[in-house]
Amino acid sequence: MAQLVSEIRAGIARSDSELVLRASSLLGPALEGWRVEAERSPSVAANGSALADETRRALNECEALLAQSLARTAHELRRLGQGRRLVASIRVRQSARTVRLLGEGVEG
C-alpha cells in the first residue's frame with residue numbers, strides 16, 4: 001500500500017497522469033488482497049484499523065495534491081487564453097493600421 005501511495009505522489013509531482021491512474025487502479029485490488037489475508041490471519045486483521053487510517057490519510061493527501069495540480073493547470077490555461085486573446089487583438093490592430101496606411105497611400 002505504501003508503495004502505491006508513493007507512486008501516486010511521484011506521479012502527481014511529475015504531472016504523470018498515466019502513472020497516477022495506473023497506481024490508483026491498483027489500490028482496490030491491494031485492499032482486497034489485504035482483506036482476504038485478514039480473514040485468514042488474526043494478526044493481520046488486528047492491524048486493520050491502522051491500515052484503514054493510513055489509507056485514508058494517504059488518499060486525503062493525494063486528493064489535496066491533485067486539487068493543487070488542477071488549480072495550477074486551470075491557472076495556466078487561463079494565462080494561455082489571455083495570451084491568445086492579446087495576440088489576436090494585436091493582429092487586428094496591425095491589420096487595421098495596414099489597411100489605413102494602404103488607404104492613405106492610394107489617396108495620396
Non-neighbouring partners of [X] that pass salt bridge (charged side-chain N to carboxylate O under 4.0 Å, His left out), sequence neighbours left out:
| X | value |
| --- | --- |
| Glu32 | Arg35 |
| Arg79 | Glu76 |
| Arg78 | none |

Could you tell me the separation between the [atom1] atom of [X] and the [atom2] atom of [Y], rounded to the nearest 0.5 Å?
| X | Y | atom1 | atom2 | value |
| --- | --- | --- | --- | --- |
| Leu77 | Leu70 | CG | CG | 9.5 Å |
| Ser25 | Leu21 | OG | CG | 6.0 Å |
| Leu27 | Leu59 | CG | CG | 6.0 Å |
| Cys62 | Leu4 | SG | CG | 10.0 Å |

Report task. Please report the closest heavy-atom contact between Val20 and Gly11, naming both atoms and the distance. Result ->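 Heavy-atom minimum between the residues: CG2-C, 3.5 Å.
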
Requested in this report: Applying side chain to side chain donor-acceptor pair (under 3.5 Å), name anything that partners Gln3, two or more places apart in sequence or on another chain.
Outcome: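 So Gln3 forms a side chain to side chain donor-acceptor pair (under 3.5 Å) with Glu7.
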
Report task. Return each pair, listed once, that meets side chain to side chain donor-acceptor pair (under 3.5 Å) where at least one residue sits in residues 9-23; pairs must be two or more places apart or across chains. Result ->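 For residues 9-23: Arg9-Glu61.
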
Output side-chain donor-acceptor pairs under 3.5 Å for residues 85-93, partner residues at least two apart or in another chain, one line each.
{"residue": "Arg85", "atom": "NH1", "partner": "Gly81", "partner atom": "O", "Å": "3.4"}
{"residue": "Ser89", "atom": "OG", "partner": "Leu86", "partner atom": "O", "Å": "2.8"}
{"residue": "Ser89", "atom": "OG", "partner": "Arg93", "partner atom": "NH2", "Å": "3.4"}

Query - Joint hydrophobic cluster, Ile12 plus Leu19, side-chain heavy atoms closer than 4.5 Å - result: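 No, it is not one cluster - the side chains of Ile12 and Leu19 are not joined through contacts under 4.5 Å.
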
